[in-house]
Amino acid sequence: MKDQDIEQLQAHIENRIRELQQLLDQSAEFAEKKSLQSDDEAANLDLTINASVDSTLLANLRTELALLSRNQQWLNSDEAGYCELCGDNIPLQRLLAAPHTRRCIDCAQIP
Ligand SMILES: [Zn+2]
C-alpha cells in the first residue's frame with residue numbers, strides 16, 4: 001500500500017472512531033437520564049423500549065470500534081491492505097467504505 005493511501009485511511013479511521021465514541025458517550029448520558037426518570041412511567045417505558053434497541057446497536061458500535069483500532073495497528077504493519085484470507089490487495093475504495101474490514105470483497109462472503 002502507498003504511504004499516502006495508508007495516511008488517508010488512518011485519518012478516515014480516526015474520524016470514525018471519534019464518531020463512535022461520541023455515540024457511546026451519548027448513550028451513557030441516556031442511561032443516566034433513564035435512572036433519573038423513574039417516577040414517570042410512560043417516559044420510562046419509552047426509554048426502556050429505546051434502550052433494548054440501543055443495546056444491540058451499542059454492541060455493534062463497540063465491535064466496530066474494536067475492529068477499527070485493530071486495523072489502525074494493521075495499517076502500520078507490513079500486512080497493511082492485504083486480505084487476511086487470500087492475501088490479495090484490498091482496493092483502497094473498499095477500505096474507505098468499510099474501514100473495519102481486513103478482507104477483500106470475495107473473502108468477505110466467507111463466514
Ligand atoms: Zn481475500
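Index from 1, following the sequence.
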Distance, nearest 0.5 Å, that separates [atom1] of [X] from [atom2] of [Y]:
{"X": "Met1", "Y": "Gln8", "atom1": "CE", "atom2": "CD", "value": "8.5 Å"}
{"X": "Asn71", "Y": "Leu95", "atom1": "CG", "atom2": "CG", "value": "7.5 Å"}
{"X": "Ser27", "Y": "Leu58", "atom1": "OG", "atom2": "CG", "value": "4.0 Å"}
{"X": "Leu92", "Y": "Gln4", "atom1": "CG", "atom2": "CD", "value": "9.5 Å"}
{"X": "Arg94", "Y": "Ile105", "atom1": "CZ", "atom2": "CD1", "value": "5.0 Å"}
{"X": "Leu75", "Y": "Arg102", "atom1": "CG", "atom2": "CZ", "value": "8.5 Å"}

With hydrophobic residues grouped by side-chain heavy-atom distances under 4.5 Å, do [X] and [Y] end up in a single group?
{"X": "Leu67", "Y": "Tyr82", "value": "no"}
{"X": "Leu68", "Y": "Leu96", "value": "yes"}
{"X": "Ile13", "Y": "Leu61", "value": "yes"}

message: Is it true that, when you exclude Asn89 itself, more than 12 heavy atoms of the residues, nucleotides or ligands shown sit nearer than 6.0 Å to its CG?
response: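 Counting other residues, nucleotides and ligands, CG of Asn89 exceeds 12 neighbours.
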- request: Please indicate whether Asp3 has more than 12 foreign heavy atoms, meaning atoms of other residues, nucleotides or ligands, lying under 6.0 Å from its CG.
  value: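 Result for CG/Asp3: open.
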task: For Trp74 and Ile90, work out which heavy atoms get closest and say how close.
output: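 The pair with the smallest heavy-atom distance is CH2-CD1, 4.0 Å.
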message: Show the nearest heavy-atom pair for residues Cys104 and Cys83, with the distance to one decimal.
response: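 Closest pair (atom of Cys104, atom of Cys83, distance): N-SG, 3.4 Å.
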field: Pairs where residues 57-68 contributes a residue and the test salt bridge (charged side-chain N to carboxylate O under 4.0 Å, His left out) is met, not counting sequence neighbours
entry: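 Matches after skipping sequence neighbours: Arg16-Glu64.
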message: Are the side chains of Gln10 and Ile6 in contact, using a 4.5 Å heavy-atom criterion?
response: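 Contact flag for Ile6/Gln10 side chains = yes.
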message: Tell me every residue that passes salt bridge (Lys or Arg N to Asp or Glu O under 4.0 Å) with Arg103, counting only those two or more places apart in sequence or in another chain.
response: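 Per chain and number, Arg103 pairs via salt bridge (Lys or Arg N to Asp or Glu O under 4.0 Å) with Glu84.
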Full working for side-chain contact (heavy atoms from CB on, under 4.5 Å) between Leu24 and Leu65: CA-CA 10 Å; Leu24 290 169; Leu65 200 58; 3.7 Å; yes
